[in-house]
**Student:** 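Got a structure here, written out as structure tokens. Questions coming.
In what follows, chains are A, B, ... by sequence order, proteins preceding strands, each numbered from 1. Note: hydrogens, waters and symmetry copies are ignored here, and every other heavy atom, side chains too, is used.
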Protein chains: 2
Amino acid sequence: MVFQPLVNRRTGLFEGTMSPNYLRSLPRTPPENGETEKDALFVQSIARAMDVLSIFHQIDRPLSLQEISSLTGLGRSNVQRIVFTLRSLGYITRDPDDRGYVPGLRLLDHSLDFLRLNPVVVKATPILLELRRAVRERVDLSIWDDLRLVYASRLQSKREILTSTFIGYSVPVFCVSGGWAILSQLGEDEADSILTRSRRKAVTPKTLTDLGALKEKIRETREAGYATALEQVLPGEIAIGAAILDQAQRPVAAIHVAGSLSEWTPEDFTRQFAPLLVQAARTISRG
Amino acid sequence: MVFQPLVNRRTGLFEGTMSPNYLRSLPRTPPENGETEKDALFVQSIARAMDVLSIFHQIDRPLSLQEISSLTGLGRSNVQRIVFTLRSLGYITRDPDDRGYVPGLRLLDHSLDFLRLNPVVVKATPILLELRRAVRERVDLSIWDDLRLVYASRLQSKREILTSTFIGYSVPVFCVSGGWAILSQLGEDEADSILTRSRRKAVTPKTLTDLGALKEKIRETREAGYATALEQVLPGEIAIGAAILDQAQRPVAAIHVAGSLSEWTPEDFTRQFAPLLVQAARTISRG
DNA sequence: AATCGGAGTATCGCTATGCGATACAGTCGT
DNA sequence: ACGACTGTATCGCATAGCGATACTCCGATT
């Protein structure tokens with residue numbers, strides 16, 4: 001079940017309440033065994049509807065009502081009503097080939113709202129376009145979300161693959177250059193927490209997974225002001241990343257420049273682009 | 001209130017039901033005055049939650065609970081609970097400067113699902129990348145949604161503006177090249193219906209709004225196999241568009257190539273790029 | 001400092017609302 | 001002709017969500 005405590009990532013403080021009114025009637029288990037009942041408490045129609053939509057995160061094909069039902073654990077009737085409603089609203093549609101339900105176009109309207117209203121994205125986009133013009137390689141903006149980085153803006157180079165054009169795509173913080181740049185701006189405890197909580201699974205043979213090696217990498221990054229990642233998530237790819245900070249000097253996002261090792265040596269790549277990258281990151285961070 | 005009848009855009013047939021179970025107890029007003037009570041029927045928690053999220057479509061700043069309440073017409077308490085839930089789930093967050101609520105990062109996860117699972121997007125993206133390589137100008141994919149086209153994939157050229165990098169952004173069908181290409185593939189009645197239902201407001205001084213002129217334009221487009229739009233939505237911009245068809249030969253999307261009139265004459269632009277555009281559109285339509 | 005309006009949060013009773021069970025209706029494949 | 005799938009419809013029950021109300025902060029205005 002998807003439930004996140006309302007922690008303000010900037011301040012690190014807890015926000016909001018744990019006990020909305022509709023929880024009152026429940027058997028109010030003592031606060032000690034905090035985990036389990038929070039989840040149980042939070043079963044309500046909005047969350048259920050969003051669970052239905054979220055089921056597609058794990059799946060890459062159209063789904064039938066039955067499948068949604070078993071995947072979400074919701075009853076068949078219930079799923080039918082929820083899907084009906086979401087369909088009426090345009091958040092779910094039938095697959096064009098009529099093989100089941102898929103997420104609907106209207107979801108894009110909401111992602112646009114996010115992008116339009118996110119100050120980092122708005123601030124960064126023109127600067128990234130300029131950076132792109134200068135480097136002529138792929139340039140990305142990704143937003144930090146605990147253990148992952150979510151791509152919010154992508155400016156492609158000539159030669160690209162499918163997933164590298166999609167926004168919303170997310171990668172683990174621990175194994176990308178932007179992630180290292182962010183970790184290098186955090187306190188040691190916080191960075192450690194993220195590293196240890198991450199499921200450090202190698203994506204390519206070169207992916208760093210060893211805690212010590214990662215900490216060393218982060219130390220280097222902190223000194224250099226940017227991170228260099230070689231084939232960490234994609235074979236043959238070199239990426240450099242720098243962190244975007246908010247007014248409180250906390251990292252909130254990262255920008256990347258990524259290129260191909262068949263065209264660049266790591267040294268040339270960083271020598272050429274790192275200064276521009278760091279400069280762009282500074283500008284976005286509004287000094 | 002956002003409620004769309006479940007019409008399959010491909011077949012044009014009505015799908016689904018008008019009367020989910022929870023409507024039964026209502027005073028069942030006679031079907032004559034169809035409009036109003038459909039709305040009234042559809043008040044339920046999912047729709048309410050989505051209304052809250054949708055409020056941001058009209059707004060370009062963080063909102064307070066009160067504002068959301070008055071804009072949605074939902075009660076203050078209700079809005080507080082809905083926002084609380086959506087916040088717990090990550091679909092709404094506080095503005096970084098703490099001036100109100102804004103759409104949350106998690107919305108991007110869903111737009112990714114849409115993109116990943118949409119066969120047109122998946123089919124088109126590699127072909128668009130190739131097209132982009134050949135033309136070195138902006139290339140877009142937009143998906144048809146009744147009166148509008150929604151950008152689903154955008155490959156920028158050197159010189160771009162902010163909105164032209166955002167996916168989810170939508171433009172009216174009646175005044176863009178891709179829209180004309182789509183209209184040219186529809187039956188006369190259907191195209192007329194779209195034109196007349198559109199709020200044909202000029203975006204630039206050059207925007208065509210006259211029904212006759214538009215029909216003529218569509219006729220030209222049908223013959224040429226692609227559409228040319230000069231400064232229709234952006235001063236100084238030339239765009240050519242072609243329709244993507246599904247297996248039933250119905251248009252479902254469009255692709256654009258767009259460039260600057262300061263660099264191209266319309267003749268050169270179309271001569272150079274139209275064949276490539278049309279070829280790409282054919283390939284995507286899986287002929 | 002006293003008052004105000006506007007932020008967000010909490011409580012509680014009522015009943016409309018959403019759930020599950022069940023049954024129905026098409027459409028495949030064998 | 002059958003069973004195993006799709007998706008849809010109906011209805012009783014009680015729980016989940018609503019509105020009204022009251023509360024706590026905070027900063028602006030007087």
Side-chain angles (χ1 to χ4, degrees), chain A residues 5-6 8 13-28 40-52 61-70 72-88 92-95 97-102, chain B residues 5-6 8 11 13-28 40-52 61-88 92-95 97-102:
Chain A
L6 296 178
N8 184 323
L13 296 175
F14 179 78
E15 286 183 357
T17 168
M18 264 358 292
S19 53
N21 67 342
Y22 38 79
L23 307 185
R24 110 195 78 104
S25 56
L26 287 158
R28 263 260 168 249
L41 293 181
F42 215 68
V43 178
Q44 64 177 154
S45 66
I46 295 176
R48 281 185 287 259
M50 289 333 236
D51 273 359
V52 167
R61 64 190 157 83
L63 292 177
S64 72
L65 291 178
Q66 325 257 22
E67 291 174 305
I68 296 172
S69 169
S70 61
T72 56
L74 300 172
R76 309 155 52 71
S77 313
N78 198 0
V79 165
Q80 134 84 344
R81 284 189 302 272
I82 292 171
V83 169
F84 171 84
T85 303
L86 291 173
R87 214 146 80 94
S88 308
I92 284 183
T93 35
R94 293 239 93 208
D95 178 67
D97 302 330
D98 207 47
R99 286 173 299 138
Y101 298 103
V102 290
Chain B
L6 296 178
N8 183 324
T11 61
L13 297 175
F14 179 78
E15 286 183 357
T17 169
M18 272 341 308
S19 53
N21 66 342
Y22 37 81
L23 308 183
R24 111 196 77 105
S25 56
L26 286 159
R28 262 261 167 247
L41 293 181
F42 216 70
V43 178
Q44 63 177 156
S45 66
I46 295 175
R48 284 185 284 258
M50 289 334 234
D51 273 359
V52 167
R61 64 191 157 80
L63 293 176
S64 72
L65 291 179
Q66 326 256 19
E67 291 175 303
I68 296 172
S69 170
S70 61
L71 286 166
T72 55
L74 300 173
R76 310 159 44 70
S77 312
N78 198 0
V79 166
Q80 134 84 345
R81 284 188 302 272
I82 292 172
V83 168
F84 171 83
T85 303
L86 290 173
R87 214 146 78 95
S88 307
I92 284 183
T93 34
R94 293 238 93 206
D95 178 68
D97 303 330
D98 207 47
R99 286 172 299 139
Y101 298 103
V102 290

**Student:** Y101(A) side chain: which of dT17(C), dT6(D), dT8(D) is closest?
**Tutor:** dT8(D)
**Student:** Using only side-chain N and O atoms of N78(A), determine if any of them is under 4.0 Å from OP1 or OP2 of dG20(C).
**Tutor:** yes
**Student:** Among dA7(C), dG7(D), dT17(C), which nucleotide sits nearest the side chain of S64(B)?
**Tutor:** dA7(C)
**Student:** Whole Å only: how far is the CG atom of D95(B) from the C1' atom of dA7(C)?
**Tutor:**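 Those two atoms, CG and C1', are 14 Å apart.
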**Student:** So, is Q80(B) near the phosphate of dT9(C), with a side-chain N or O under 4.0 Å from OP1 or OP2?
**Tutor:**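 Yes, within the criterion.
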**Student:** Would you indicate, yes or no, if dT11(C) has its OP1 or OP2 atom less than 4.0 angstrom from a side-chain nitrogen or oxygen of R81(B)?
**Tutor:**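 Answer is no, no contact under 4.0 Å.
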**Student:** Rounding to an integer number of Å, can you tell me how far F84(B) CZ sits from dA7(C) P?
**Tutor:** 20 Å
**Student:** Has R87(A) got its NZ or CZ under 6.0 Å from the middle of the six-membered ring of Y101(A), at an angle within 45 degrees of the ring axis?
**Tutor:** no
**Student:** Please confirm whether the shortest side-chain N or O distance from R99(B) to OP1 or OP2 of dG8(C) is below 4.0 Å.
**Tutor:** no
**Student:** Which listed nucleotide (dG17(D), dG7(D), dA7(C)) is nearest to the side chain of S45(A)?
**Tutor:**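 From the listed options, dG17(D) comes nearest.
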**Student:** Heavy atoms from C-beta onward define the side chain here; which of dG7(D), dG8(C), dG18(C) lies closest to that of L65(B)?
**Tutor:**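 Closest nucleotide to the L65(B) side chain: dG8(C).
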**Student:** State whether R76(A) places a side-chain N or O below 4.0 Å from either non-bridging phosphate oxygen (OP1 or OP2) of dC19(C).
**Tutor:**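 Checking R76(A) against dC19(C): no side-chain N or O falls below 4.0 Å of OP1 or OP2.
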**Student:** Base, sugar-phosphate alone, or nothing: which one does S77(B) contact when heavy atoms must sit under 4.0 Å apart?
**Tutor:**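 Touches a base.
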**Student:** Any idea which of dC19(C), dT6(D), dG7(D) is nearest the Q66(A) side chain?
**Tutor:** dT6(D)
